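Values in this document were obtained by computation on a predicted structure and should not be read as measured data. Note on naming: letters A, B, ... go to the chains in the order of the sequence lines (proteins, then strands), and numbering restarts at 1 for each one.
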Amino acid sequence: MLRLTAGRVGSLVARRATVALTTSSARMASHGHEVSEAVDMSKPMYWDRREIPLPDKRYKDILTPADKSLKEKEKGPWGQLSNEEKLALYRFSFCQTYPEMNQSSSEWKTVVAGVLYCIGLTGLVIIWQTAYVSPPAPRTFDAEWQAKQVKRMLDMRVSPIEGFAAQWDYEKGQWK
Amino acid sequence: MFRAVFQLSSAGARCLVRSKPSISAPLASRCYSHGLVETDEEFDARWVTYFSKPDIDAWELRKGMNTLIGYDLVPEAKIVDSALRACRRLNDLASAIRILEAVKDKAGPHKEIYPYLIQELQPTLSELGISTPEQLGMDKL
């Protein structure tokens, strides 16, 4: 029997299958403190999806006697139903309307904020590392050494055609 | 009718950019691959027949609607009409309203399609007593 907690269902599938209001889903007896309901994936499931307008099962499984009488009334002419009754019948079968389903959330702001925060934190860690963890720079990085290095490269005529030494004007003794 | 406008099938695109034919005589312009060519009318007729089945059951209605919504087109008014009548036979008002919502959603950015469809379906909606989502205030959040 396929049983998954609702949380793990969310990680497996792109959209969360709305856990329909059922009495049949048994709570995991072994985990006394487990709050999430087990979703039996071997049975038809309810989905709010744009491309599946009529999911495999109705949203509301348990109907009160009042609901049942409304369902009986549904068998008659629909013109006799009031708007509230029609809405109630809709909500028995479906969890969210299309506009509710399609509404955008501000989740992206949280995501971007989180990403920037993590990058910032990493930046701080790196700054601390350069100050306290990294060993001192080798002497080849000193300005004096670098100057001597450049002079040596120019004397060697490194890449004299299109590269390094090509940028140096040997007559005037300066960069072109 | 809507299919022709919105279906960006490779066949359609290729037909549009056909190079100048070398023979002036009318060619059987087969831009399609080996697949069966079905006209819009045949497609519509097929779906109307599907939903018109007198003893259609709930599963068939769901399957039909979900398949139809999966296509890259907005169903014609007559198809939606026969689907709504199927809902009536199944005593399922919620599905009827859901179908209207789905069809509106299918139109996407083309906002003029749904009012046209409702206008075409108005006789059926009045006859069966189906309220549109707008009348029930469901199109607002």
Side-chain angles (χ1 to χ4, degrees), chain A residues 14-15 17-18 20-21 43-64 66-107, chain B residues 51 56-75 79-80 83-109 114 123-141:
Chain A
R15 282 281 196 97
T18 314
L21 305 174
K43 296 202 189 106
M45 291 172 76
Y46 177 83
W47 295 91
D48 268 321
R49 299 203 71 134
R50 285 179 70 187
E51 64 273 13
I52 305 180
L54 305 176
D56 296 338
K57 68 187 269 292
R58 201 191 299 147
Y59 177 58
K60 222 174 152 194
D61 279 334
I62 355 151
L63 295 174
T64 68
D67 299 342
K68 291 203 179 105
S69 66
L70 185 56
K71 274 279 174 191
E72 283 302 310
K73 203 175 168 193
E74 197 185 10
K75 294 184 183 163
W78 290 336
Q80 289 173 357
L81 296 164
S82 71
N83 280 3
E84 288 75 27
E85 289 175 326
K86 289 181 182 174
L87 264 171
L89 283 167
Y90 183 92
R91 292 289 180 186
F92 289 164
S93 299
F94 305 111
C95 178
Q96 288 182 313
T97 67
Y98 264 71
E100 286 167 8
M101 211 195 292
N102 292 340
Q103 69 190 169
S104 53
S105 71
S106 298
E107 194 191 2
Chain B
F51 285 118
I56 194 171
D57 67 31
W59 184 91
E60 286 174 350
L61 172 68
R62 286 199 306 268
K63 174 70 180 167
M65 267 329 293
N66 293 338
T67 311
L68 190 62
I69 295 295
Y71 293 149
D72 182 19
L73 51 88
V74 182
I79 304 177
V80 180
L84 294 176
R85 289 184 189 283
C87 289
R88 176 66 266 194
R89 290 198 292 283
L90 289 163
N91 298 321
D92 194 350
L93 176 63
S95 293
I97 302 172
R98 189 74 156 182
I99 289 170
L100 294 176
E101 282 193 304
V103 152
K104 180 180 185 182
D105 187 65
K106 270 316 276 190
Y114 179 69
T124 309
L125 296 177
S126 322
E127 180 196 330
L128 299 177
I130 303 173
S131 304
T132 65
E134 290 69 38
Q135 287 168 344
L136 297 172
M138 283 165 57
D139 55 331
K140 314 272 177 300
L141 279 169

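Of the possible polar contacts, one joining the A/Asp48 side chain to the A/Gln96 backbone as a donor-acceptor pair under 3.5 Å is found.
Chosen from A/Pro99, A/Pro53, A/Gly79, the residue pairing most often with chain B at heavy-atom distances under 4.5 Å is A/Pro53. Ranked by non-hydrogen atom pairs under 4.5 Å with chain A, the options B/Ser95, B/Ala58, B/Ala96 are led by B/Ser95. When the candidates A/Glu100, A/Lys86, A/Gln103 are compared by the number of heavy-atom contacts under 4.5 Å with chain B, A/Lys86 comes out ahead. In terms of non-hydrogen atom pairs under 4.5 Å with chain A, the most contact-rich of B/Thr67, B/Ile130, B/Leu93 is B/Leu93. Comparing B/Glu127, B/Lys106, B/Arg88 by heavy-atom pairs within less than 4.5 Å of chain A, the highest count is held by B/Arg88. Contact count versus chain A (heavy atoms, under 4.5 Å) is highest, among B/Ile99, B/Leu128, B/Ile69, B/Asp105, for B/Asp105.
Counting only N and O atoms by type, the side chains of B/Glu101 and A/Tyr90 include a donor and acceptor under 3.5 Å apart.
Salt bridge status for A/Asp56 with A/Lys43: absent, with no side-chain N to carboxylate O gap under 4.0 Å. Taking 4.0 Å as the cut-off between side-chain N and carboxylate O, B/Lys63 and B/Glu60 do not count as a salt-bridged pair.
Within the 4.5 angstrom heavy-atom criterion, only side-chain atoms of A/Phe94, from C-beta onward, approach chain B. In this structure, chain A has heavy atoms under 4.5 Å from both the backbone and the side chain of B/Leu61. Using a 4.5 Å cut-off between heavy atoms, B/Gln135 touches chain A through its backbone atoms (N, CA, C, O) alone.
In this structure, the ring of A/Tyr59 has its center less than 6.0 angstrom from the ring center of A/Tyr46.
Here salt bridge (charged side-chain N to carboxylate O under 4.0 Å, His left out) pairs that include residues 132-141 of chain B, with residues two or more places apart or in two chains, are B/Lys104-B/Glu134.
No side-chain heavy atom of A/Met45 sits less than 4.5 Å from a side-chain heavy atom of A/Lys57.
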